[in-house]
Amino acid sequence: MNLQPLSSSICSKPFRFVFLVLFFCNCTAQKTKKNAATYPVFDSDTAIFKKDNFINRFGNYDPIYLFVKNDVERGKFRVLEHGYDSIAIRLWYTYAEPKAQVVELRKDSNGWSAEFFTIKRHQENNGKDTIVTVIRDTVIQNPKSGWDFFKQKIFALNITDLPNADDINGYDTPMDGHSVSLEIATKKFYRLRWYSAIKANIQIKEAKALNDIMNLIEYEFGEIRIKKI
């Protein structure tokens, strides 16, 4: 019987090809598993969860973000920063006074709904303590034109993909005054956007889009803003 050396059999071309393919696939799988583990996974179809908080021109979280976050952490509003099962859209109308408004649009297993809130603040103990009162202005309601029309209009205005005001060339961002914070949460991402002095920047398409969004919400739901931003 003519037996080949064992080393010669292992090093045959077909065997080498299979060995290299298996080795490459194993390394790729380990690398993918390591990268995916870096992020929380919310469902089997989502490889990573992306969080995009608003960072101001100085490289810090904007005070408005902290203002929003404080109200959430006080238990006044649900946390969206870790994602939402379907989609949630929350607009914070903040004014140069101790009062704010919140619009919350969301879709869940029961369909779409909308809620509106007013936030009032006052300080006690010589300014050391801030007392926050949240008033639910209306029960969950439907837009005048129906959800199908409203969804079509609001998504056509690019509400989920607006950039931060600070990232827009030529946008004049004052340090104080009225502003809007926009939270978007889905299974796959969380975004926080911030715009101020929208009327002063109305010539910029993103500011106009957000202004149109606020006007659309006001028309469809009859919720009046305390002041035009």
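A quick note: this is a predicted structure, and the numbers were derived from the prediction, not measured. In what follows, every heavy atom counts, from backbone to side chain, and hydrogens, waters and symmetry copies are set aside.
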**Message:** Between I119 and Q101, is the side chain to side chain contact (heavy atoms under 4.5 Å, CB included) condition met? List the steps.
**Reply:** CA-CA 6 Å; I119 302 173; Q101 291 173 292; over 6 Å; no

**Fill in**
The ring pair (Phe, Tyr, Trp, His ring centres under 6.0 Å) partners of Y95 (sequence neighbours excluded) come to H178

**Message:** My understanding is that only residues two or more places apart in sequence, or in another chain, count here; which of them pass salt bridge (Lys or Arg N to Asp or Glu O under 4.0 Å) with K120?
**Reply:**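 K120 satisfies salt bridge (Lys or Arg N to Asp or Glu O under 4.0 Å) with no other residue.
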
With the side chain counted from C-beta on, respond yes when [X] and [Y] share a heavy-atom pair under 4.5 Å apart, and no when they do not.
X	Y	answer
Y195	I168	yes
T160	I87	yes
F149	I154	no
L182	I159	yes
Y190	L80	yes
Y171	D166	no
D148	W112	no
F189	I184	yes

[X] side, atom [atom1]; [Y] side, atom [atom2] - distance, nearest 0.5 Å:
X	Y	atom1	atom2	answer
F49	K188	CZ	NZ	12.0 Å
F116	I135	CZ	CD1	15.5 Å
L210	K205	CG	NZ	14.5 Å
L105	L91	CG	CG	7.0 Å
N169	D167	CG	CG	9.0 Å

For [X], which residues count as a side chain to side chain donor-acceptor pair (under 3.5 Å) partner, sequence neighbours excluded?
X	result
R106	E104, E115
T118	D137
D108	none
K208	D212

**Prompt:** Short question: side chain of R193, backbone of L162 - any donor-acceptor pair under 3.5 Å?
**Reply:**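 Yes; judged by distance alone, with no hydrogens or angles, the pair exists.
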
**Whether N201 side chain and A207 backbone form a donor-acceptor pair below 3.5 Å** =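 Pair absent, no side-chain N/O of N201 close to backbone of A207.
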
**Asked** At their closest point, which heavy atom of K51 faces which heavy atom of E81, and how far apart are they?
**Response**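 Heavy atoms of K51 and E81 come nearest at CE-O, 3.4 Å.
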
**Prompt:** With a 3.5 Å cut-off and no angle check, do the side chains of N164 and W194 form a donor-acceptor pair?
**Reply:**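 Distance-only check fails for N164 and W194.
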
**Prompt:** Just checking, any donor-acceptor pair under 3.5 angstrom between side chains of E183 and W92?
**Reply:**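 Yes, side-chain donor-acceptor contact under 3.5 Å.
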
**Message:** With a sphere of 6.0 Å drawn around NZ of K153, does it hold more than 12 non-hydrogen atoms of other residues, nucleotides or ligands?
**Reply:**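 No, the 6.0 Å shell around NZ holds no more than 12 heavy atoms from other groups.
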
**Prompt:** Are the aromatic rings of F77 and F117 close, with centres under 6.0 Å apart?
**Reply:**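 Between F117 and F77, which both carry aromatic rings, the centre distance is below 6.0 Å.
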
**Prompt:** Among S179, S196, S181, which one satisfies side chain to side chain donor-acceptor pair (under 3.5 Å) with T94?
**Reply:**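 Result: among S179, S196, S181, S179 is the only option passing the side chain to side chain donor-acceptor pair (under 3.5 Å) with T94.
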
**With S86 via side chain to side chain contact (heavy atoms under 4.5 Å, CB included) - residues at least two apart** = K107

**Message:** Which residues pass the side chain to side chain contact (heavy atoms under 4.5 Å, CB included) test with D161, not counting sequence neighbours?
**Reply:**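 Per chain and number, D161 pairs via side chain to side chain contact (heavy atoms under 4.5 Å, CB included) with N158, R191.
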
Mind listing the side-chain donor-acceptor pairs of residues 215-223 below 3.5 Å, one per line with the distance, residues two or more places apart or on another chain?
{"unit_1": "N215", "atom_1": "OD1", "unit_2": "R225", "atom_2": "NH2", "d": "2.7"}
{"unit_1": "N215", "atom_1": "ND2", "unit_2": "N211", "atom_2": "O", "d": "3.4"}
{"unit_1": "E218", "atom_1": "OE1", "unit_2": "R225", "atom_2": "N", "d": "3.1"}
{"unit_1": "E218", "atom_1": "OE1", "unit_2": "R225", "atom_2": "NE", "d": "2.9"}
{"unit_1": "E218", "atom_1": "OE2", "unit_2": "K228", "atom_2": "NZ", "d": "2.9"}
{"unit_1": "E220", "atom_1": "OE1", "unit_2": "K144", "atom_2": "N", "d": "3.0"}
{"unit_1": "E220", "atom_1": "OE1", "unit_2": "S145", "atom_2": "N", "d": "2.8"}
{"unit_1": "E220", "atom_1": "OE1", "unit_2": "S145", "atom_2": "OG", "d": "3.3"}
{"unit_1": "E220", "atom_1": "OE2", "unit_2": "S145", "atom_2": "OG", "d": "2.8"}

